[in-house]
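The figures here come from the full heavy-atom set of this structure, side chains too, leaving out hydrogens, waters and symmetry mates.
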Amino acid sequence: MKNAFRDWSNVRYFLAVFREGSTLAASRILGAAQPTVARRIDALERELGAVLFERETRGFRPTALARALLPQAEAIEEAARAFAGKAKDLTHARPIRITAPGANFTPRMQRFIYEFTLSNPNVGFEFIQTTKILDLAAGEADVALRLTTTSPDPDLICRRISTARYAVYGSRAYAAEKRLPTSEADLRGHRFVVYRPDATPRPNEAWLLQFVTKDQIVGAFAEFSLLQAAVSSGQGLGILNVKQSETDDNLVRCFDPVEDLTQEHLLLVAPEAYRRPEVKKFVSFFAPRYAAIFK
């Protein structure tokens, strides 16, 4: 037989009337109108197919059935409280998990995080430094800072940070040793260092290998900051981020940025994470400040 009991919220009204002795007194406890309380009791009785209260001039008197059901009703009440408490603990205690390559975790970025925590001291953060593309929809992280040449998953919340452009750079020391190339066709005869964080080929190195041989690559680095330091020290030429390279007076751009290597710098958020108030608040705070660095 199909159970007709569907509206668990009616149990609240049952307990209030049982404890207070009338729909009027229960309405004050529940913050609801007295007719509403009476209708909810009637609805519960219809669903159960039983009389729970004897209506008397001085109030509602629980029947024997109501007294027998009281422990189960209180168990539902306690389960609802435990459910709400657990949900609150999980949503408030869970840190905001941010994934990005190591180059993104700059002192300025950390400064923005610190400024946010000053006004939101109960919000914690977890930083996942990796070049791997974590699955935000599957919950591997909440927020991602990502450089990409392809459109992101349309289900993700997306904030555009900047457009990243790349060019071939050399150091002043390297320029003093050898004339810097002035075009792609002029790359042969030079030595190079590349960004290679893992075994997966990177677009910059793939582009470079159209014009040079593998033996011209004399070094590979898993961190972009180490690559820039290698180029700056004169170990070889390298493909660097134009904006980041502007701050190093020792670097010289060989020729115009390579359009084929242009990437969109995006902040991506998992929809489930974005529904958390602290995540939404953080994205609104952080995204414009972080984007201003690249303007």
Side-chain angles (χ1 to χ4, degrees), residues 1-98 113 115-126 136-139 141-143 155-157 269-287:
M1 179 178 178
K2 186 176 180 181
N3 191 340
F5 179 51
R6 296 184 301 274
D7 195 343
W8 294 1
S9 65
N10 284 338
V11 175
R12 293 176 57 242
Y13 294 84
F14 166 75
L15 287 170
V17 173
F18 192 105
R19 291 162 178 167
E20 300 302 319
S22 71
T23 55
L24 178 60
S27 68
R28 299 190 187 104
I29 298 297
L30 295 167
Q34 182 182 10
T36 299
V37 177
R39 284 198 302 271
R40 298 298 285 268
I41 294 298
D42 289 342
L44 181 59
E45 288 181 330
R46 285 195 301 273
E47 282 191 325
L48 297 178
V51 177
L52 299 173
F53 297 97
E54 298 292 347
R55 279 69 167 171
E56 300 178 345
T57 56
R58 289 185 292 182
F60 277 39
R61 182 170 58 85
T63 64
L65 179 65
R67 290 192 293 272
L69 289 174
L70 180 62
Q72 284 71 31
E74 290 178 332
I76 292 174
E77 179 183 51
E78 182 58 33
R81 287 174 179 166
F83 179 86
K86 185 66 173 180
K88 183 177 180 180
D89 291 343
L90 290 173
T91 55
H92 283 75
R94 182 179 176 185
I96 299 175
R97 296 165 300 157
I98 303 176
I113 302 291
E115 290 173 355
F116 179 80
T117 59
L118 289 178
S119 55
N120 300 272
N122 295 325
V123 179
F125 289 88
E126 179 183 332
L136 299 183
D142 301 316
V143 179
D155 292 334
L156 298 177
I157 310 301
V269 190
E272 182 178 348
Y274 197 67
R275 286 192 285 270
R276 292 161 51 193
E278 71 275 18
V279 174
K280 189 172 185 178
K281 186 175 183 180
F282 168 71
V283 171
S284 297
F285 176 91
F286 176 79

Quick one: does any side-chain atom of Glu278 pair with a main-chain N or O of Ile96 as donor and acceptor, under 3.5 Å?
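No, because the side chain of Glu278 does not come within donor-acceptor range (under 3.5 Å) of the backbone of Ile96.
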Any side-chain to backbone donor/acceptor pair from Arg58 onto Gly21? Under 3.5 Å, distance only.
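It does not hold such a pair.
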What side chain to side chain donor-acceptor pair (under 3.5 Å) pairs are there with at least one residue in residues 26-38, not counting sequence neighbours?
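Applying side chain to side chain donor-acceptor pair (under 3.5 Å) to every pair that reaches into residues 26-38, excluding sequence neighbours, yields Thr23-Gln34, Thr36-Arg39.
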So [Y] and [X], do their side chains get closer than 4.5 Å, heavy atoms only?
X      : Y      : answer
Ile41  : Phe53  : yes
Leu156 : Tyr274 : no
Phe282 : Ile98  : yes
Phe286 : Val143 : no
Arg40  : Asp7   : yes
Ile29  : Arg19  : no

Give, for atom [atom1] of [X] and atom [atom2] of [Y], the distance between the pair rounded to the nearest 0.5 Å.
X      : Y      : atom1 : atom2 : answer
Leu118 : Ile113 : CG    : CD1   : 11.5 Å
Leu136 : Glu272 : CG    : CD    : 11.5 Å
Phe18  : Glu74  : CZ    : CD    : 8.0 Å
Arg67  : Leu52  : CZ    : CG    : 11.5 Å

